[in-house]
There are 2 protein chains.
Amino acid sequence: MPGEKKHSKKREAILAKIRSMKTHPSAITVYEELRKEIPDLSLGTVYRNLALFREEGKVASVGVVNGQERFDGNTTEHTHFVCTHCGDVMDIDAPLDAHLKEDVASRYGIAVHSHRLTFFGACARCVRS
Amino acid sequence: MPGEKKHSKKREAILAKIRSMKTHPSAITVYEELRKEIPDLSLGTVYRNLALFREEGKVASVGVVNGQERFDGNTTEHTHFVCTHCGDVMDIDAPLDAHLKEDVASRYGIAVHSHRLTFFGACARCVRS
DNA sequence: ATTTATGCAAACGATTTGCAATAGG
DNA sequence: CCTATTGCAAATCGTTTGCATAAAT
């Protein structure tokens, strides 16, 4: 019957790779990393599976940095810092008020599904230079 | 002497238009709106001036929504809501704790220049359908 | 006169997509 | 077998850029 999902080694490998990387990689970075282990892997497959994982909630989007979408295998809500000098993305421990989401939803009559808090600036390394 | 900025009617018009729009428009939307008043205006000029305004801090980027960067003529720090159904962007009154930025900066040894808080979900209109 | 701003079209780069071939169940 | 997945390459689409011309000072 149509619509069923099949098992795929490459799909598994892509998800595992994203989850193992703490750099919040772009599709191209995931592709380049994986190619070391799986020489026959195409960029299209990485894009297709990242889109799938995003829909399934298995990965989160950190947003677009320097024209490239960056992904996060950690889907728990947390904050990010983006270095506008080198493009590095790091996790930040700075949770939003737990009630803010519901508060905003009820005040504006909207349905809030997620939020994204990002700080921008210069990372420790770039600050020194 | 080189490096000086010259006055330009089109540049003025682009900035005025962005400031008058509350829809957080993309470059293309600004272009289409302005073309009604200024038939000889090129998209490249809109892109060039938006980039300039962003560098000068005269406009802010709301981030990329459905592949298009969205801009905001209101550069005071505030929160946004993005409807993932229709792509609408609206302002939200939900300020971050004033100390959070400095707090994060000192805790991580980074320089924080700005931040962006965005909620995602379905707007009032899309919630109904 | 000198330098910046613009229009136009070509170039670019990330992402998406069509299709024939391959792998999963 | 039958359907989903992949590789490949071409197509898309937002954005950037080079260059000759126009506008600003």
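Remember, it's a predicted structure, so these values are computed and weren't measured experimentally. Throughout, protein chains are lettered first and strands after them, A, B, ... in sequence-line order, and every chain is numbered starting at 1. Computed over heavy atoms, backbone and side chain alike; hydrogens, waters and symmetry mates excluded.
Separating the CZ atom of A:Arg70 from the P atom of C:dA14 is a distance of 12 Å, rounded to the nearest angstrom. Between the C1' atom of C:dC8 and the OH atom of B:Tyr31 lies a distance of 10 Å, rounded to the nearest Å. Atom-to-atom, CD of B:Gln68 to P of C:dT16 comes out at 14 Å; the value is rounded to the nearest Å.
Distance OG/B:Ser26 to CD/B:Glu32: 7.5 Å, rounded to 0.5 Å. For the atom pair CG of A:Leu15 and NZ of A:Lys58, the computed distance is 6.5 Å after rounding to the nearest 0.5 Å. Distance check: B:Cys86 SG to B:Arg125 CZ gives 5.5 Å after rounding to the nearest 0.5 Å.
Residues from residues 5-29 of chain A placing a heavy atom under 4.0 Å of any atom in DNA chain D, listed by number, are A:Lys5, A:Lys6, A:Ser8, A:Lys10, A:Arg11. For residues 32-55 of chain A, proximity to DNA chain D is found at A:Asp40, A:Leu41, A:Ser42, A:Thr45, A:Arg48, A:Asn49, defined as any non-hydrogen atom under 4.0 angstrom from a strand atom.
In this structure, A:Thr79 and A:Phe119 have side chains that are in contact, with non-hydrogen atoms separated by less than 4.5 Å. Side-chain contact between B:Ile18 and B:Leu50 is present, with at least one heavy-atom pair separated by less than 4.5 Å.
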Before giving the answer on side-chain contact (heavy atoms from CB on, under 4.5 Å), spell out for A:Val89 and A:Thr23 the whole-Å C-alpha distance, their side-chain angles and the decisive distance to 0.1 Å.
CA-CA 6 Å; A:Val89 178; A:Thr23 54; over 6 Å; no

Decide side-chain hydrogen bond (donor to acceptor under 3.5 Å, both in side chains) for B:His24 and B:Asp88; before the verdict, give the C-alpha distance in whole Å, the side-chain angles of both, and the deciding distance to 0.1 Å.
CA-CA 8 Å; B:His24 311 81; B:Asp88 270 11; over 6 Å; no

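Judged by distance alone, the side chains of B:His80 and B:Asp91 do bring a donor and an acceptor atom under 3.5 Å apart.
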